[in-house]
**Student:** 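Quick one: the structure is below, and I'll ask about it shortly.
Values reported hereafter were calculated over all heavy atoms of this structure, with side chains retained and with hydrogens, waters and symmetry mates removed.
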Amino acid sequence: MLQQLRYLLLQVRNSDDPMRGQEVNCFAKALEAHVSQISVFDLLEGPLQETEFADTDVILIGGSGHYSAAGEGRWLDVALESLRVVHDSRKPTFASCWGFQAMARAMGGQVIHDLNRAELGVHHVSLTEVGKADPVFGPSGAVLQGLMGHEDTVVELPPGTELLASTERVENQAYRFLDRPIYCTQFHPELDRDSFLGRLNTYPEYVEKIAGLSLEEFRHSIHDTPETTALIKRFVQQITPINLDQK
């Protein structure tokens, strides 16, 4: 039945960014879906209206290339308002990386640019007590390994959310909204080793800036993280039972 679901991926990527297509493929692989099940809406092109996802079962939000959720600008104002539309709709939503940060800011949290708390590569992610009891996160175990790459950090969660996971450096690594099926992770459950290295090949400047290593040196520390990859599929299975019953 998962093969019948319809997804909408909200992107914030330049038209010439090769990761536009790669991101679709990554979500499709993690969800065991066909790429034809995933439509794309570019938030850089204008505001999202609820009519754009009326026939969508699940909304996905991923990374952003060179765009920051901690900055300012007309494009960001439009994007944040679009995420408030998603929130108001109560549509099942899974957001990672930029999506995690942007949803937090859109709904009243705080995001800052902080290189001292930047993370790149595989990091241990510890679940909170809430996370351990959560039907999406709990089955993966108390401590996960997650692939991540960020300079911006959510320092304050929005109201109406619960913290699910933290790393040693960054407290807010995953959260969920209490009254609607929206989950957000700073790390990338949709990526595996190969796709993560593909991102780094496209944005190699982040490796030296954050890790202080060359890409060739850094690549040996990257490995698959199946326990976090399982989160996104489990989210769909746990959070969309009504959708699944209707298919």
**Student:** Could you check if a side-chain atom of Leu144 sits within less than 4.5 angstrom of a side-chain atom of Thr225, using non-hydrogen atoms only?
**Tutor:**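 The answer is no, as the side chains (C-beta and beyond) never meet within the 4.5 Å cut-off.
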**Student:** Are any non-hydrogen side-chain atoms of Lys91 and Leu8 less than 4.5 angstrom apart?
**Tutor:** no
**Student:** Show, in sequence, the C-alpha distance, side-chain angles and deciding distance for Met148 and Thr167, and conclude whether the side-chain contact (heavy atoms from CB on, under 4.5 Å) test is met.
**Tutor:** CA-CA 11 Å; Met148 59 187 74; Thr167 58; 4.1 Å; yes
**Student:** Between Leu178 and Glu162, is there a side-chain heavy-atom distance shorter than 4.5 Å?
**Tutor:**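 Heavy-atom side-chain distance check passes, below 4.5 Å.
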**Student:** Using side-chain contact (heavy atoms from CB on, under 4.5 Å) as the criterion, list what pairs up with Arg90, not counting sequence neighbours.
**Tutor:**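 Arg90 satisfies side-chain contact (heavy atoms from CB on, under 4.5 Å) with Asp179, Arg180 only.
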**Student:** Might you confirm whether atom NE2 of His223 has over 12 heavy atoms from other residues, nucleotides or ligands at distances under 6.0 Å?
**Tutor:**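 More than 12 heavy atoms, drawn from other residues, nucleotides or ligands, come within 6.0 Å of this atom.
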**Student:** Would you say Leu10 and Val40 are hydrophobically clustered, going by side-chain heavy atoms of ILVMFWY under 4.5 Å?
**Tutor:** no
**Student:** What's the verdict on side-chain contact (heavy atoms from CB on, under 4.5 Å) for Trp75 and Val12, showing C-alpha distance, side-chain angles and the deciding distance?
**Tutor:** CA-CA 9 Å; Trp75 75 268; Val12 182; 3.6 Å; yes
**Student:** Is any side-chain heavy atom of Cys97 less than 4.5 Å from a side-chain heavy atom of Gln186?
**Tutor:**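 When only atoms from C-beta onward are counted, Gln186 and Cys97 do touch, with a gap below 4.5 Å.
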**Student:** Please report the interatomic distance CG(Asp77) to CD(Glu72), rounded to the nearest 0.5 Å.
**Tutor:**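 Between atom CG of Asp77 and atom CD of Glu72 there are 7.0 Å.
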**Student:** Minimum heavy-atom separation for Ala69 and Asp152, please, with both atom names.
**Tutor:**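 Between these two residues, the closest heavy atoms are N-OD2, 3.5 Å.
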**Student:** Look only at the side chain of Thr128 and the backbone of Leu163, and say whether a donor-acceptor pair between them is shorter than 3.5 Å.
**Tutor:** yes
**Student:** With the 4.5 Å side-chain cut-off for hydrophobic clustering, are Phe27 and Leu147 part of the same group?
**Tutor:** no
**Student:** What's the separation between atom CG in Asp224 and atom OG in Ser195, rounded to the nearest 0.5 Å?
**Tutor:**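 Here the interatomic distance stands at 8.0 Å.
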**Student:** Check whether Asn14 reaches the backbone of Asp16 with its side chain - one donor and one acceptor, N or O, closer than 3.5 Å.
**Tutor:** no
**Student:** Calculate, to the nearest 0.5 Å, the distance between atoms CD and CG belonging to Gln238 and Asp134 respectively.
**Tutor:**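 Between atom CD of Gln238 and atom CG of Asp134 there are 8.5 Å.
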**Student:** Any side-chain to backbone donor/acceptor pair from Glu227 onto Ser140? Under 3.5 Å, distance only.
**Tutor:** no
**Student:** How about Glu205 and Lys209: do any of their side-chain heavy atoms sit closer than 4.5 Å?
**Tutor:**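 No - every pair of side-chain heavy atoms lies 4.5 Å or more apart.
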**Student:** Answer with yes or no whether the side chains of His150 and Gln101 bring together a donor and an acceptor at under 3.5 Å.
**Tutor:**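 No.
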**Student:** Which value, rounded to the nearest 0.5 Å, describes the distance between Trp98 atom CH2 and Ile61 atom CD1?
**Tutor:**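 Taking CH2 in Trp98 and CD1 in Ile61, the distance rounds to 7.0 Å.
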**Student:** Show the numbers, then the answer: is there a side-chain contact (heavy atoms from CB on, under 4.5 Å) between Leu76 and Arg105?
**Tutor:** CA-CA 10 Å; Leu76 184 56; Arg105 182 171 176 181; 3.4 Å; yes
**Student:** In terms of hydrophobic clusters joined by side-chain contacts under 4.5 Å, are Leu43 and Leu9 together?
**Tutor:**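 No, no single cluster joins them.
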**Student:** Which residues pass the salt bridge (charged side-chain N to carboxylate O under 4.0 Å, His left out) test with Glu81, sequence neighbours left out?
**Tutor:** Arg84
**Student:** Give a yes or no on whether a salt bridge exists between Arg169 and Glu119, defined as a side-chain N under 4.0 angstrom from a carboxylate O.
**Tutor:** no
**Student:** Taking all atoms of both residues into account, what is the closest heavy-atom pair of Leu120 and Phe218, and its distance?
**Tutor:** O-CZ, 3.4 Å
**Student:** Could you pull out the closest heavy-atom pair between Tyr175 and Ala104, with the gap in Å?
**Tutor:**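 Here Tyr175 and Ala104 meet closest at OH-N, 3.0 Å.
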**Student:** Are Ser82 and Pro47 packed together at the side-chain level, in the sense that at least one heavy-atom pair is separated by less than 4.5 angstrom?
**Tutor:** yes
**Student:** Could you tell me which non-hydrogen atom of Ala106 sits nearest to which non-hydrogen atom of Leu83, and how far apart they are?
**Tutor:**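 Ala106 and Leu83 have their closest heavy atoms at CB-CB, 4.0 Å.
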**Student:** Name the residue from Val58, Leu5, Ile232 that meets the side-chain contact (heavy atoms from CB on, under 4.5 Å) definition with Leu31.
**Tutor:** Ile232
**Student:** Taking atom CD as the centre, does Glu208 end up with more than 12 heavy-atom neighbours from other residues, nucleotides or ligands that are less than 6.0 angstrom away?
**Tutor:**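 Open: at most 12 neighbouring heavy atoms sit under 6.0 Å from CD of Glu208.
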**Student:** Examine Phe100 together with Phe187 and report whether their ring centres are nearer than 6.0 Å.
**Tutor:**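 Here the rings of Phe187 and Phe100 have centres that are no less than 6.0 Å from each other.
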**Student:** Answer yes or no: is there a donor N or O on one side and an acceptor on the other, between the side chain of Glu23 and the main chain of Gly63, under 3.5 Å?
**Tutor:**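 Pair found, side chain donor or acceptor close to backbone of Gly63.
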**Student:** Taking it one step at a time, do Arg6 and Asp57 satisfy salt bridge (Lys or Arg N to Asp or Glu O under 4.0 Å)?
**Tutor:** CA-CA 5 Å; Arg6 294 160 297 186; Asp57 297 306; 3.5 Å; yes
**Student:** With sequence neighbours excluded, what pairs up with Val155 under the side-chain contact (heavy atoms from CB on, under 4.5 Å) test?
**Tutor:** Gln110, Ile112, Arg117, Thr153
**Student:** Can you give me the closest heavy-atom contact between Pro92 and Phe235, atom names plus distance?
**Tutor:**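 Where Pro92 meets Phe235 most closely, the heavy atoms are C-CZ, 4.1 Å.
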**Student:** Give, for atom CD1 of Ile182 and atom CZ of Arg176, the distance between the pair rounded to the nearest 0.5 Å.
**Tutor:**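 Here the interatomic distance stands at 13.0 Å.
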**Student:** Going by the rule side-chain contact (heavy atoms from CB on, under 4.5 Å), which residues pair with Pro204 if we only count those two or more places apart in sequence or in a different chain?
**Tutor:** none
**Student:** Could you state the interatomic distance from CZ (Phe177) to NE2 (His87), rounded to the nearest 0.5 Å?
**Tutor:**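 Taking CZ in Phe177 and NE2 in His87, the distance rounds to 4.5 Å.
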**Student:** Does the side chain of Glu50 come under 3.5 Å of the side chain of Ser89 through a donor N or O and an acceptor N or O?
**Tutor:** no
**Student:** Could you pull out all residues at least two apart from Asp42 that satisfy salt bridge (charged side-chain N to carboxylate O under 4.0 Å, His left out)?
**Tutor:**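 Salt bridge (charged side-chain N to carboxylate O under 4.0 Å, His left out) list for Asp42, sorted by chain: Arg20.
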**Student:** Look only at the side chain of Gln37 and the backbone of His34, and say whether a donor-acceptor pair between them is shorter than 3.5 Å.
**Tutor:** yes
**Student:** Please give me the minimum heavy-atom distance between Gly46 and Val78, naming the atom from each residue.
**Tutor:**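 Looking at all heavy atoms of both residues, the shortest contact is C-CG1, 3.6 Å.
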**Student:** Out of the candidates Arg199, His66, Glu151, only one should pair with Tyr206 under the side chain to side chain donor-acceptor pair (under 3.5 Å) rule; please name it.
**Tutor:** His66
**Student:** Would you please test Phe41 and Ile59 for side-chain contact (heavy atoms from CB on, under 4.5 Å) and show each step?
**Tutor:** CA-CA 10 Å; Phe41 186 94; Ile59 293 175; over 6 Å; no
**Student:** Between Val125 and Val122, is there shared hydrophobic-cluster membership here, with clusters defined by ILVMFWY side-chain heavy atoms closer than 4.5 Å?
**Tutor:** no
**Student:** Give a yes or no on whether Leu191 and Tyr67 share a hydrophobic cluster (residues Ile, Leu, Val, Met, Phe, Trp, Tyr; joining criterion: side-chain heavy atoms under 4.5 Å apart).
**Tutor:**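 Each belongs to a different hydrophobic cluster.
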**Student:** Are the side chains of Asp192 and Lys29 in touch, meaning some heavy atoms are under 4.5 Å apart?
**Tutor:** yes
**Student:** Please enumerate all residues that pass side-chain contact (heavy atoms from CB on, under 4.5 Å) together with Lys132, with sequence neighbours excluded.
**Tutor:** Leu127, Glu129, Ala142
